Protein chains: 4
Amino acid sequence: MIEIKKVGDIMSRPIGVNSEDTKQFIVDIATKCFEQKGYSATSMADIKNETNMSKGTIYYHFKNKEELYLYCIQQVSNEFLHNWTMMSKAEHSAEKKLYIWANLNNLVVQKPIMNTLHEYFVATNKNNYDAVIKLYEPEFQIVKDILVEGIESGEFKNDLQVDDIAVLLFNFMTSLDHLDLFDYGTPQKQKKIYRLAIDLILPGLKK
Amino acid sequence: MIEIKKVGDIMSRPIGVNSEDTKQFIVDIATKCFEQKGYSATSMADIKNETNMSKGTIYYHFKNKEELYLYCIQQVSNEFLHNWTMMSKAEHSAEKKLYIWANLNNLVVQKPIMNTLHEYFVATNKNNYDAVIKLYEPEFQIVKDILVEGIESGEFKNDLQVDDIAVLLFNFMTSLDHLDLFDYGTPQKQKKIYRLAIDLILPGLKK
Amino acid sequence: MIEIKKVGDIMSRPIGVNSEDTKQFIVDIATKCFEQKGYSATSMADIKNETNMSKGTIYYHFKNKEELYLYCIQQVSNEFLHNWTMMSKAEHSAEKKLYIWANLNNLVVQKPIMNTLHEYFVATNKNNYDAVIKLYEPEFQIVKDILVEGIESGEFKNDLQVDDIAVLLFNFMTSLDHLDLFDYGTPQKQKKIYRLAIDLILPGLKK
Amino acid sequence: MIEIKKVGDIMSRPIGVNSEDTKQFIVDIATKCFEQKGYSATSMADIKNETNMSKGTIYYHFKNKEELYLYCIQQVSNEFLHNWTMMSKAEHSAEKKLYIWANLNNLVVQKPIMNTLHEYFVATNKNNYDAVIKLYEPEFQIVKDILVEGIESGEFKNDLQVDDIAVLLFNFMTSLDHLDLFDYGTPQKQKKIYRLAIDLILPGLKK
DNA sequence: AATGAATGAGCATTCATTCAT
DNA sequence: AATGAATGAATGCTCATTCAT
């Protein structure tokens, strides 16, 4: 049984801290804050209050708010990739990989911060292709790989426009994080809808 | 040929204004601002500068930033519904209606403001189901209607879970507004991807 | 039986108004507003809302907030003097006049606005003797007159320092308007305390 | 000889400040500002300008204007009580204590801020008995104590209504702060009138 | 006489960030 | 490494006042 690593499992300040622990502690709390209020609406004071650390300490570890935010994003993204590698390596069916991918998107609780990325790009006027793609690319690649594997193995149609469909699937899946706003609060309901998403898409992919 | 009404066609301050014109002018500019920077990151000063009106005037017409934002949202939503009614009434195939719906999502240029709603709810801590659904419901209903019609006419599978799939489709479609961040800047590319989204989904719906 | 005229008996906008009625209506409402929130904290918008008249109309009748305020003050002061003249002319005992004076201070419901004068002077930096005395003088004179009459008639001590004691009595009496903040809300309690004030002072005045 | 402690003896920014000094410095200046213009008409910008500190610093030490104001009030009130305790403990005659009390009201130069309390209550709609009494009670108690002592020692009449008369005396005395508006600017004149106030009241109290 | 749209200075408060200790 | 005091620009919003109609 593979255990999913979750960023920020530890949420109380560790005793006998060293510098790296402190930094990680801040990142964990900050990730929660950004998830809950978005990039703009989260203030450094919010993070200070939630961590019970001084502003000076936060700025000692991170140059500014933006760097802290991107560090959080990067970490969650890495976490996701790591989990994906673990969970997908034993599986060879593209179809089953899609379900694993969907399930992972649902399971990794920190992922909502990825949903604040659009607001971040927009709020900071960084809406240029390069900056954006740099952050999205790794997860993007997962979907592309699944599609290519499916085509090569004969599971999926030969004429799929891989790049475009990867964008569509990626968008589709990440948009489901918004479901917290709708009536999908419980884990069961959420799991079901993530699964249903793949059910809905698969016929369009399969031969 | 049906002409699509776009909110805010007029972008320069009209001469010989009356109160209602001024209000609409502010709404048009504000909609653009909120689209470009989101709810939190758009300041009343931004709107003041873009409109070249005084702060007093903006506050004369709108009680506060939130009311102005929701007024913009409401207007764009109404606009969308109006266009949908116009464009869909002559069509009886559920499949074709899906394409019309996708195309309309692509065409109506002000729609990106709808994509800031999640950030608005999150930033203002209004993440309760009722407040959210009130604003999303009308467009939501469009998708439900298409699905029900498709089932009744025999185009779509009988056992579709209409409510859940409506949520999925709505999320899927609105998530495509994020494409401005990726390499889909040109109208042609965008039109293609909106169409492709329906191509991808349809096999999962059809008998 | 003498009927006490109260400023602002009419509190609903008169039908078939003429200009003077409108002006008086504004003054009545404004007096209430200034009483309730003081000079600084009462905004022209408050008065507009309470009167349901337009800002334009208020500024048509009064040059600015200050002029409106002083008009209210003047009217209440005149009202008080008028009532005093009516109620005191039949009385010849200085002692009894003091009680009538105290009672009148209690009865005239608009008087609290006089208690905002100090804040007005202080907020507008008009703390020069002349401006102040001009507004206080008439009521001031009432007290002086009573004292002089009492001395001349032999009721009061010969060596009273009339000017200083007049100031003290005037301050004493007007300070009682602050009693609304304490536990003296009911008319009975208030009447009692105004009377008690004179009971307390009289031995110091009488031979 | 007892030296009267005055809040805010230091009025220029101390060198080598620590946090507590800065806070006290702000309080001293703010007290002066509130005295001079009242609660509503004193802006945080006024206090910033007078202190030559940044707005951020003021808000670092005090949550908001109201908290700063109440802190000033509290400090002045404590100061007064402290001085009263010092100056009155050696004295056993109720009559003499009244003169000491009056003299102290005159001497403690920061007291005018207490005169802005009515405007504060009124401007902030906090005109409920409990909020008010909480701030007035301590000084109120001084007067009650003097009266009770005077009755018990046989100096004052047995049948004095202590509570009511305490209110009257307290109001009377604090109203004298308004004398700055009249022709009582010099210390000599002020001292005289505070003394005269007690001269006037005493016959009503004594057997 | 009366209106209400428009103005911009001013308001209390929050912000990300700096820096001496 | 960590602190918390200090900064001043920026924020959302209110204000008294003006003026064309």
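Protein chains get the first letters and strands the later ones, always in sequence-line order, with residue 1 at the start of each. These numbers come from a predicted model, not from an experiment.
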May I ask you to verify if any side-chain N or O of C/S54 is less than 4.0 angstrom from the OP1 or OP2 atom of E/dG4? no
Would you please confirm or rule out a distance under 4.0 Å between OP1 or OP2 of F/dA6 and any side-chain N or O of D/T22? yes
Given B/K48 and B/Y59, is the side-chain contact (heavy atoms from CB on, under 4.5 Å) satisfied, shown in steps? CA-CA 10 Å; B/K48 169 193 109 61; B/Y59 277 92; over 6 Å; no
Measure from the side chain of [X], starting at C-beta and using heavy atoms only, and say which of [options] lies closest.
{"X": "D/T57", "options": "F/dT3, F/dT7, E/dT7", "answer": "F/dT7"}
{"X": "C/M53", "options": "F/dG4, E/dT3, E/dG8", "answer": "E/dT3"}
{"X": "D/M44", "options": "E/dT13, E/dA1, E/dA9", "answer": "E/dT13"}

Starting at the 5' end of DNA chain F and moving along, which residue's nearest nucleotide shows up first, B/A41 or A/K23? A/K23
Would you kindly compare B/A45 and C/D46 by the position of their nearest DNA chain F nucleotide and give the one closer to the 5′ end? B/A45
Send over the distance from [X] [atom1] to [N] [atom2], rounded to a whole Å.
{"X": "D/K37", "N": "E/dC11", "atom1": "NZ", "atom2": "C1'", "value": "12 Å"}
{"X": "A/K48", "N": "E/dC15", "atom1": "NZ", "atom2": "P", "value": "12 Å"}
{"X": "B/F25", "N": "E/dA6", "atom1": "CZ", "atom2": "C1'", "value": "14 Å"}
{"X": "D/Y39", "N": "E/dA12", "atom1": "OH", "atom2": "P", "value": "9 Å"}
{"X": "A/I47", "N": "E/dC15", "atom1": "CD1", "atom2": "C1'", "value": "13 Å"}
{"X": "C/K55", "N": "F/dA20", "atom1": "NZ", "atom2": "P", "value": "18 Å"}

Just checking B/T42: base, sugar-phosphate only, or nothing, at a heavy-atom cut-off of under 4.0 Å? sugar-phosphate
Looking at every strand, decide which applies to B/S43 at a 4.0 Å heavy-atom threshold: base, sugar-phosphate, or nothing. sugar-phosphate
So, with a heavy-atom separation below 4.0 Å from DNA chain E, the residues of residues 58-68 of chain A are A/Y59, A/N64, A/K65
Roughly how far apart are [X] [atom1] and [Y] [atom2], rounded to 0.5 Å?
{"X": "B/K23", "Y": "B/Y71", "atom1": "NZ", "atom2": "OH", "value": "4.0 Å"}
{"X": "C/M53", "Y": "C/T22", "atom1": "CE", "atom2": "OG1", "value": "5.0 Å"}
{"X": "A/I29", "Y": "A/Q24", "atom1": "CD1", "atom2": "CD", "value": "10.5 Å"}

Distance-only, no hydrogens or angles: does the [X] side chain make a donor-acceptor pair with backbone N or O of [Y] under 3.5 Å?
{"X": "A/T51", "Y": "A/I26", "result": "no"}
{"X": "B/N78", "Y": "B/Q75", "result": "no"}
{"X": "D/D28", "Y": "D/F25", "result": "no"}

With no hydrogens and no angle check, just 3.5 Å: does a side-chain donor-acceptor pair link A/Y39 and A/T124? no
Please identify which of these residues, C/V76, C/I73, C/I47, meets the side-chain contact (heavy atoms from CB on, under 4.5 Å) condition with C/F34. C/I47
Between C/F62, C/Y120, C/F121, which is the residue that forms a ring-ring contact (aromatic ring centres under 6.0 Å, His included) with C/Y69? C/Y120
So the stems of DNA chain E, runs of at least three Watson-Crick or G-U pairs (under 3.5 Å), are E:2-21 with F:2-21
